[in-house]
Amino acid sequence: MAVGRLSGAWIRAVLEETYADGVARRALLDHFSVLLVSPKSHRGAKGRLARRLYGRLLKLQLRGLISQEDGVIRPLGTPRRASEVNQPDLGPILQRTLFRALLAEDGQGDGHTPGTLLAARRDFIQGAIETGRSMTQAAALLGIKAALANEILTKYADQKEKL
C-alpha cells in the first residue's frame, strides 16, 4: 500500500477540486482508500490510511488551510492569521486519543456506539485541557462547538457522581 504518498498538498487539491463545498471525513477516507488500498493489501491497510489521513488533516487544520466541523471538512481559501494557527504540538498520546475520537465519530471499526463516541470525545477533551489548551481549542481540534464539549464534560461529571 502506498500510504506514504498521501501528502497535505494532494489532500488540499482533492478538497478544492472535487469537494469545494465540503465533504464528510469518512467519504474523504473512502475516496483515498479507493486510490491507495488494493485488494491485495494487508489487513488493516485502511486503518493505517485513516491514521495518516487524520494526521494530515490535523496539520492542515492547525495551519488554517481547512476547517473541520461535525465531521465535515471544508477547504479554506486563505490561511488564518498566524496568531490563530500557532498551537503547540499535540504529542503522541493526545494524537492517539484524537484519532480514536475521530474514528468513533466516523463509525469505523467494531463497537462504535454513541456511548463509545462520548467516551472518546471526553477522553480527548480532558487530555487537551490537562495539557493547557482551552475548552474552545480542544473543541476546535475535535471539530465540535465549545458548548457541546462543555456538555460532554458535564455529562461525564454527572456520571462520575452517580458512581
Side-chain angles (χ1 to χ4, degrees), residues 1-80 84-128 131 133 137-146 148-149 152:
M1 184 177 102
V3 176
R5 297 184 302 185
L6 187 63
S7 69
W10 186 21
I11 294 169
R12 278 193 65 204
V14 167
L15 286 173
E16 290 172 355
E17 294 169 8
T18 310
Y19 304 110
D21 295 331
V23 62
R25 191 173 37 246
R26 175 74 186 251
L28 186 63
L29 175 60
D30 290 341
H31 174 89
F32 282 110
S33 69
V34 166
L35 299 172
L36 296 175
V37 178
S38 72
K40 294 181 180 180
S41 294
H42 293 281
R43 181 179 164 103
K46 190 172 179 181
R48 290 188 298 276
L49 177 63
R51 184 173 51 225
R52 179 67 57 102
L53 176 65
Y54 292 175
R56 295 281 186 241
L57 289 174
L58 176 63
K59 288 178 184 177
L60 290 172
Q61 180 182 4
L62 291 175
R63 289 177 43 208
L65 300 172
I66 64 168
S67 69
Q68 294 188 62
E69 220 174 283
D70 297 327
V72 177
I73 301 166
R74 290 183 177 83
L76 298 176
T78 57
R80 294 184 193 156
E84 294 177 13
V85 174
N86 289 335
Q87 292 186 7
D89 190 28
L90 291 177
I93 295 172
L94 203 53
Q95 282 181 351
R96 189 175 308 120
T97 57
L98 176 61
F99 176 68
R100 287 180 187 149
L102 295 177
L103 276 180
E105 183 177 327
D106 290 348
Q108 297 193 103
D110 297 330
H112 291 298
T113 63
T116 59
L117 173 60
L118 180 66
R121 284 179 169 177
R122 179 196 65 232
D123 290 344
F124 175 75
I125 294 167
Q126 284 179 333
T131 59
R133 287 177 175 70
Q137 289 174 329
L141 288 172
L142 199 51
I144 60 175
K145 305 253 186 250
L148 179 58
I152 290 170

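Since the structure is predicted, the reported quantities are computational estimates derived from the model, not experimental observations.
- Closest non-hydrogen pair, Arg121 versus Ile152, comes out as CD-CD1, 3.7 Å.
- For Arg25, the salt bridge (charged side-chain N to carboxylate O under 4.0 Å, His left out) test picks out Glu105, Asp106, with sequence neighbours left out.
- For the atom pair Leu98 CG and Asp123 CG, the distance stands at 12.0 Å (nearest 0.5 Å).
- The minimum heavy-atom distance linking Arg133 with Leu90 is given by the pair NH2-CD2, 3.4 Å.
- Residues satisfying the side-chain contact (heavy atoms from CB on, under 4.5 Å) criterion with Ala120, sequence neighbours excluded, are Ala101, Ala104.
- In terms of heavy-atom proximity, His31 sits nearest to Tyr19 at ND1-OH, 3.4 Å.
- In this structure, Arg52 and Arg48 have side chains that are not in contact, with every pair of non-hydrogen atoms separated by 4.5 Å or more.
- To the nearest 0.5 Å, atom CG of residue Leu141 and atom CD of residue Gln137 are 7.5 Å apart.
- Note that the CD1 atom of Ile11 and the CD1 atom of Ile66 stand 7.5 Å from one another [nearest 0.5 Å].
- Put simply, the side chain of Val23 does not reach to within 4.5 Å of the side chain of Thr18, judged on heavy atoms.
- Lys59 pairs by the salt bridge (charged side-chain N to carboxylate O under 4.0 Å, His left out) definition with nothing, not counting sequence neighbours.
- Here the straight-line distance linking atom CZ of Phe32 with atom CG of Leu6 works out to 5.5 Å at 0.5 Å rounding.
- Side-chain contact between Phe124 and Leu102 is absent, with no heavy atoms from C-beta onward closer than 4.5 Å.
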Test side chain to side chain contact (heavy atoms under 4.5 Å, CB included) applied to Leu57 and Leu28, step by step: CA-CA 11 Å; Leu57 289 174; Leu28 186 63; 4.1 Å; yes
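- Here the shortest heavy-atom pairing between Ile73 and Gln68 reads CG1-CG, 4.0 Å.
- Here the side chain of Ser41 pairs a donor or acceptor atom with the backbone of Ser38 at under 3.5 angstrom.
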List the steps and the verdict of side chain to side chain contact (heavy atoms under 4.5 Å, CB included) for Leu142 and Glu69. CA-CA 8 Å; Leu142 199 51; Glu69 220 174 283; over 6 Å; no
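- Here Gln95 pairs with nothing under the side chain to side chain donor-acceptor pair (under 3.5 Å) rule; sequence neighbours left out.
- Listed by first then second residue, pairs satisfying salt bridge (charged side-chain N to carboxylate O under 4.0 Å, His left out) with a partner in residues 8-20 read Arg12-Glu16, not counting sequence neighbours.
- Within the 4.5 Å cutoff, the side chain of Leu15 has no heavy atoms near those of the Trp10 side chain.
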With side chain to side chain contact (heavy atoms under 4.5 Å, CB included) as the test, would you mind laying out the steps for Phe99 and Leu58 before giving the verdict? CA-CA 10 Å; Phe99 176 68; Leu58 176 63; over 6 Å; no
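- Residues satisfying the side-chain contact (heavy atoms from CB on, under 4.5 Å) criterion with Ser33, sequence neighbours excluded, are Asp30, Val37, Lys46, Leu49.
- When all heavy atoms are compared, the tightest approach of Ala138 to Ala128 is CB-CB, 3.6 Å.
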